[in-house]
Amino acid sequence: MIDPCSDTETLDGYVSGELDAKAAARVASHVAGCRRCAEDVAARAALRRELAEVLGGEDVDGMRVLNDPLRRRVVTAMEATDAASSGGSWRAVVPLAAAVVIAAMAGWWSARVVGDVSSESSAALTLVDQAAYADALVNHLACGVMRSFPEGSTEAESRKRLGHYAAILETVAGSSELELVHAHVCPNRGRRFGHLVLRLQGETVSVLVTDKSEGAALPRADRIPTGSAIVGVVDFPTLELAGLETPSLMGFIATPKRGLESRAVAELATELNRAMRAIEGNAGPTFKREPERSAQ
Amino acid sequence: MRRGPEFERAAVVHLDELVRVATRLTRSRSLAEDLVQETFLQAWRSFDRYEAGTNCRAWLYKILFHVMSQQRRRAGRQPNHVALEAAPASALGSSDAPADVLRTRRIQEAFDALAEPQRSVLLLADVEGFRYREIAEVLEIPVGTVMSRLSRARAHMRQALVSTRACGFPRAVNGSKGG
């Protein structure tokens with residue numbers, strides 16, 4: 001028979017309610033007659049209570065408010081994951097993604113989708129990976145708009161973080177209007193985006209680039225334009241997502257509608273086009289994304 | 001498709017708790033947010049495989065710890081992410097008396113000084129109230145390991161705190177037990 005006096009795990013189990021009835025009764029009867037163990041059990045129970053109070057006790061309402069942006073990010077990303085994986089036509093994806101945005105950002109976006117893909121670009125748009133649009137949109141919202149970043153990254157740090165996509169930093173290099181807020185790679189459903197969060201004329205703008213090979217299944221590759229071109233603009237009530245593509249890359253510029261001069265956005269698109277071509281030049285078949293699989 | 005509301009009811013309700021736990025373990029609010037976001041995305045993707053009525057909370061913790069170890073592996077271990085932002089809400093809101101504040105701080109310091117495996121087990125058992133069996137499943141370790149880690153973690157905490165015990169609690173043991 002185990003002597004509880006020398007068996008801390010048994011006493012721990014007793015205090016945690018982990019012992020079966022028989023073992024618990026045995027310890028209880030020992031504790032009743034052993035002052036040292038009685039004190040020990042009392043101290044263990046007190047510590048347990050105290051830990052729960054200090055490490056678990058919190059201002060529940062305050063915590064809930066503090067976590068609201070994260071909760072919105074989670075819901076947005078979650079729903080967009082569905083939107084992106086549901087397949088179907090582009091036209092089906094756009095309203096769904098928009099609905100998600102509206103649901104997640106209740107009160108911010110209040111209208112339905114008002115725009116549509118222009119007729120001349122819609123044919124090309126059916127060729128691009130629709131899921132990438134939804135992911136780019138989510139990244140813009142989740143980590144461009146809703147998230148704040150610490151200030152003061154150096155260019156070297158930004159380059160390092162962007163890795164394969166470092167050339168997109170060139171989109172801001174020569175501009176006096178664009179201010180780099182943060183550069184990083186965002187993973188989204190196993191696809192990675194090089195992401196620049198920028199300020200342009202007081203608004204948050206995102207530049208995103210991803211490889212088509214990163215999980216994208218592009219139908220009928222023979223019809224993909226070989227040059228880089230703006231292939232579509234997704235029109236939301238308050239933001240636009242312009243898509244560009246080169247043979248192996250997709251690029252996106254997410255901008256709010258209000259207040260931005262189209263000239264500035266066009267210049268940004270031109271620079272992104274150039275940067276994507278530069279990446280194309282560097283991109284070899286050896287580029288691999290990090291494995292990233294579900295826990296299950 | 002009723003997946004969304006069901007997921008929110010079963011899983012998203014645990015978000016605050018997961019942020020709290022992740023913040024305690026990483027000591028960084030922003031790291032914790034990233035972890036929790038990824039946890040929920042992974043959970044959402046495999047929600048079809050989740051059996052309604054089973055322990056969703058433990059299932060989320062399992063994913064959280066899995067994501068955490070994935071990220072740690074990827075980052076080549078970066079345990080020293082001590083951030084001021086990690087100051088817990090409890091330190092800000094729950095205590096008024098200086099002695100309590102001091103005690104709270106000592107407990108947090110003692111907890112932070114534990115090795116990561118012990119922190120995880122202690123947090124799950126004594127703060128979040130998981131059973132040994134559940135902890136073993138969440139952390140994918142044998143129950144015996146849970147018990148020994150917990151025992152060591154509690155012993156360390158007691159040792160670290162015994163000299164600072166303020167009045168108001170029954171006097172603790174004199175001398176420590178082996179183990």
Side-chain angles (χ1 to χ4, degrees), chain A residues 5-13 15-18 36-37 39-40 42-60 62-64 66-67 69-71 73-75 77-79 81-82 85-86 103 142 147-150 187-189 290-296, chain B residues 1 3-4 7-8 12 15-16 19-20 24 30 33 36-46 49 62-63 66-67 70 74 88-94 103-104 107-108 111 122-123 125-129 131-132 147-148 150-151 154-155 157-158 161 169-174 177-179:
Chain A
C5 282
S6 58
D7 183 0
T8 55
E9 283 183 12
T10 299
L11 290 180
D12 270 335
V15 169
S16 307
E18 290 280 350
R36 188 174 145 200
C37 281
E39 284 186 343
D40 193 342
R44 284 174 197 278
L47 175 65
R48 212 164 172 253
R49 233 179 2 252
E50 209 176 7
L51 284 176
E53 264 172 38
V54 171
L55 301 176
E58 63 194 11
D59 171 5
V60 175
M63 196 71 177
R64 197 170 296 136
L66 190 65
N67 289 332
L70 174 64
R71 211 182 321 275
R73 255 160 55 197
V74 164
V75 173
M78 188 179 106
E79 300 281 1
T81 296
D82 266 9
S85 60
S86 64
R147 192 167 169 185
S148 56
F149 291 99
N188 193 329
R189 300 187 310 116
E290 288 174 30
E292 192 167 61
R293 280 313 335 147
S294 149
Q296 299 299 296
Chain B
M1 186 175 68
R3 252 166 54 100
F7 185 77
E8 289 194 37
V12 180
L15 183 138
D16 294 320
V19 174
R20 184 185 66 210
R24 287 263 174 247
S30 60
E33 285 196 5
V36 170
Q37 180 170 335
E38 185 57 26
T39 298
F40 275 99
L41 285 184
Q42 292 204 7
W44 174 241
R45 275 178 232 137
S46 49
R49 276 172 277 158
K62 187 170 181 173
I63 300 174
H66 183 82
V67 170
Q70 258 183 339
R74 203 173 301 156
S90 55
L92 305 174
S94 66
R103 176 80 182 159
T104 297
I107 289 172
Q108 284 164 351
F111 177 77
L122 190 69
L123 204 54
D126 286 355
V127 181
E128 303 306 330
R131 317 291 305 185
Y132 289 179
M147 288 162 66
S148 59
L150 187 58
S151 193
R154 284 172 174 165
M157 290 299 288
R158 292 174 73 190
L161 295 173
F169 285 92
R171 186 71 193 119
V173 285
N174 301 315
K177 283 182 172 291

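Values reported hereafter were calculated over all heavy atoms of this structure, with side chains retained and with hydrogens, waters and symmetry mates removed. So you know, we letter chains A, B, ... as the sequences are listed, proteins then strands, and number each from 1.
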With rounding to the nearest 0.5 angstrom, report the [atom1] to [atom2] distance, [X] to [Y].
| X | Y | atom1 | atom2 | value |
| --- | --- | --- | --- | --- |
| L66(A) | E33(B) | CG | CD | 7.0 Å |
| L15(B) | L70(A) | CG | CG | 5.0 Å |
| D126(B) | E50(A) | CG | CD | 11.5 Å |

Next item on the list: Go through the structure and list residues passing side-chain contact (heavy atoms from CB on, under 4.5 Å) with A125(B), not counting sequence neighbours.
Entry: I135(B), L150(B)
Margin query: Applying side-chain contact (heavy atoms from CB on, under 4.5 Å), can you list everything that pairs with M157(B), at least two apart in sequence or on another chain?
Written below: L47(A), L51(A), I107(B), A110(B), F111(B), L114(B), L122(B), L161(B)
Next item on the list: Grab the two heavy atoms, one from E18(A) and one from R131(B), that are nearest each other, plus how far apart they are.
Entry: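 Shortest heavy-atom contact: OE2-CA, 3.2 Å.
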Next item on the list: Measure across Y132(B) and S16(A) and return the closest heavy-atom pair with its distance rounded to 0.1 Å.
Entry: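 That closest heavy-atom pairing would be OH-OG, 3.5 Å.
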Item checked: Contact check, side chains of V19(B) and R71(A), non-hydrogen atoms, under 4.5 Å -> no
Item checked: Test item: D12(A) and M147(B) side chains (from C-beta on) under 4.5 Å apart, heavy atoms ->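 Result no, sub-4.5 Å side-chain heavy-atom pair not found.
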Check: Under the 3.5 angstrom rule, does the side chain of R154(B) hit a backbone N or O of R48(A) as a donor-acceptor pair?
Finding: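 Side chain of R154(B) to backbone of R48(A), a donor-acceptor pair under 3.5 Å: no, none is there.
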Margin query: Which atoms of S148(B) are under 4.5 Å from chain A, going by heavy atoms: the side chain, the backbone, both sets, or neither?
Written below: both
